[in-house]
Every structure is written in C-alpha cells, then in structure tokens.
Amino acid sequence: MNNRQRGFSLIELLIAIVIAGVLAAIAFPSFMQWRQSLEYKEAARDIASILRDARSRAISRNLEHRVEFQIANRSYRLVRGDLASGSNWNTPPSTVVLDWATLPASVSMNVIGSTNKEFNPNGTSSTGSITILDSGGTTRYTITVTPTTGRVRIER
C-alpha cells in the first residue's frame, strides 16, 4: 500500500464538515421550536400538578388549600387554609406548603376567574382556568379546573 490509499484527503474532510454544517443549520430552527414547545408543555404540567396536589391535600387533611398566582411575576404557590371551609387567607395561620415557583422567562400565563384557585375538603374548587402563553401572547395550553369535581385538565 502506498501513502495515497490511507485515510482521507483534506478536501474530503472539508466536504464532510461542510455537509455536517449545512445539516446542522437546517435542523437548528426545528430543534429550537421543539425545545420551546417542551417549555410550554412543562409549564402546563407543573401548574396542573400543583393544582392536583392542592385538591389531594384538601381532601386528605380536611382543610382548604389554594394555589395563588402572581401573573406579573409568572409565579405560583400552594397555601393551606386554617379551616375546612371559610379560611381567612389574609392572616396566619395560613401556611405556605410549597413556596413560589416561577415559569421560564419565555413562558407567561393568564388566570381566568379568580387569581387564587381554592380546593375544599369535599374535592370541589373555585372556577376558572389558567392559560400558558408564548412570547407573542398566543395560547399554547389551557389548564381547566372543574368547580363541581375539582378535576384538573390540560388542553392544547
């Protein structure tokens, strides 16, 4: 074997690098869109999870629980009331169960109805929904709380 039959030439290596770069440039926008969609879905699942947790805790502990939302800060938290019904949320002994969680910077939300979703020991809840919005204000997901059953659903 002579030296010309071993390995790759510099031209072949450069062509392979250029082809890989073109493929990466084509795939990059799709990857970024997929990653952004994943952030919206994760935010919707996190909010639905804390709402379900509030309902479960209200039933199991026989105390009202609520999820408080701060739209301007894109944050939410879980608070336990002091009574089974008619808790005074503005003064202690309301207890923070899960402290403020914040949505990613590219995700925002809007709360329809009361900015606090309350769950009672019988499983019922306050009415309303939470929408997950992209940076352009387009609704990506809607989390709906059914008042008569406390059921939490995520809709695209």
Peer 1: Of the options Asp53, Leu78, Val145, which is the one that meets Phe119 in a side chain to side chain contact (heavy atoms under 4.5 Å, CB included)?
Peer 2: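 Only one of Asp53, Leu78, Val145 forms a side chain to side chain contact (heavy atoms under 4.5 Å, CB included) with Phe119, namely Val145.
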Peer 1: Running the 4.5 Å side-chain criterion over Ile, Leu, Val, Met, Phe, Trp and Tyr, what cluster does Ile59 land in, apart from itself?
Peer 2: none
Peer 1: Would you mind checking if Arg66 and Glu64 are paired as a salt bridge, meaning a charged N to carboxylate O distance below 4.0 Å?
Peer 2: no
Peer 1: In the structure I gave you, are the side-chain heavy atoms of Asp99 and Val96 within less than 4.5 Å of one another anywhere?
Peer 2: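 Heavy-atom side-chain distance check passes, below 4.5 Å.
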Peer 1: Below 4.5 Å, heavy atoms only, C-beta onward: do Thr142 and Ile154 meet side chain to side chain?
Peer 2: no
Peer 1: Between Ser56 (side chain) and Arg52 (backbone), is there a donor-acceptor pair under 3.5 Å?
Peer 2: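 No: the side chain of Ser56 does not pair with the backbone of Arg52.
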Peer 1: What's the separation between atom CD in Glu68 and atom CZ in Arg77, rounded to the nearest 0.5 Å?
Peer 2: 4.5 Å
Peer 1: Check whether any side-chain heavy atom of Ile47 lies under 4.5 Å from a side-chain heavy atom of Met109, and answer yes or no.
Peer 2: yes
Peer 1: Say you draw a straight line from CG of Leu98 to CZ of Arg80; how long is it, rounded to the nearest 0.5 Å?
Peer 2: 11.0 Å
Peer 1: Indicate yes or no: at least one non-hydrogen side-chain atom of Trp89 is less than 4.5 angstrom from one of Asn116.
Peer 2: no
Peer 1: Distance from Ser114 atom OG to Phe69 atom CZ, nearest 0.5 Å?
Peer 2: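 It comes to 9.5 Å.
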Peer 1: Between CD of Gln33 and CZ of Phe28, what distance do you get to the nearest 0.5 Å?
Peer 2: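 Output value for this atom pair is 12.5 Å.
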Peer 1: Counting distance only, does the side-chain N/O of Ser49 pair as donor-acceptor with the main-chain N or O of Arg45 below 3.5 Å?
Peer 2: no
Peer 1: Taking all non-hydrogen atoms of both residues, which atom of Lys117 and which atom of Thr127 are closest, and how far apart?
Peer 2: NZ-O, 3.2 Å
Peer 1: Donor-acceptor pair, distance only, cut-off 3.5 Å: does the side chain of Arg55 make one with the backbone of Thr149?
Peer 2: yes
Peer 1: Quick check: do Ile130 and Leu51 have side-chain heavy atoms less than 4.5 Å from each other?
Peer 2: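 With C-beta onward as the side chain, the pair touches.
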Peer 1: Between Ser106 and Glu39, do the side chains contain an N or O donor and an N or O acceptor separated by less than 3.5 Å?
Peer 2: yes
Peer 1: Is the number of heavy atoms from other residues, nucleotides or ligands under 6.0 Å of Glu12 CD greater than 12?
Peer 2: yes
Peer 1: Do we get Arg156 above Tyr141's six-membered ring, with its NZ or CZ under 6.0 Å from the centre and within 45° of the axis?
Peer 2: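 Yes, a cation-pi geometry holds between Arg156 and Tyr141.
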Peer 1: When you check the gap from the basic side-chain N to the acidic O, do Glu155 and Arg153 get nearer than 4.0 Å?
Peer 2: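 Answer for the salt bridge query: yes.
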Peer 1: Are any side-chain N or O atoms of Asp134 and backbone N or O atoms of Gly137, one a donor and one an acceptor, separated by less than 3.5 Å?
Peer 2: yes
Peer 1: In Å and rounded to the nearest 0.5 Å, what is the OG1 to OH distance from Thr139 to Tyr40?
Peer 2: 11.5 Å
Peer 1: Is it the case that Arg74 and Thr102 place a side-chain donor and acceptor less than 3.5 Å from each other?
Peer 2: no
Peer 1: Roughly how far apart are Leu103 CG and Ser108 OG, rounded to 0.5 Å?
Peer 2: 8.0 Å
Peer 1: Where is the tightest heavy-atom contact between Leu63 and Pro121, given as atom of each residue plus distance?
Peer 2: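 Looking at all heavy atoms of both residues, the shortest contact is N-CG, 3.8 Å.
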Peer 1: Any link between Ile19 and Ile11 through a network of hydrophobic side chains (Ile, Leu, Val, Met, Phe, Trp, Tyr) touching at under 4.5 Å?
Peer 2: yes
Peer 1: Are any non-hydrogen side-chain atoms of Val79 and His65 less than 4.5 angstrom apart?
Peer 2: no
Peer 1: Does Ser126 reach the main-chain N or O of Glu118 with its side chain, forming a donor-acceptor pair under 3.5 Å?
Peer 2: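 It does hold such a pair.
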Peer 1: Using distance alone, with no hydrogens and no angle criterion, decide if Thr124 and Asn122 have a side-chain donor and acceptor under 3.5 Å apart.
Peer 2: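 A pair is found: one side chain offers a donor N or O, the other an acceptor, under 3.5 Å apart.
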Peer 1: Any side-chain heavy atom of Ile143 within less than 4.5 Å of one from Ile132?
Peer 2: yes
Peer 1: Taking side chain as C-beta onward, heavy atoms only, is Trp100 less than 4.5 Å from Asn73?
Peer 2: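 No, every pair of side-chain atoms sits at 4.5 Å or beyond.
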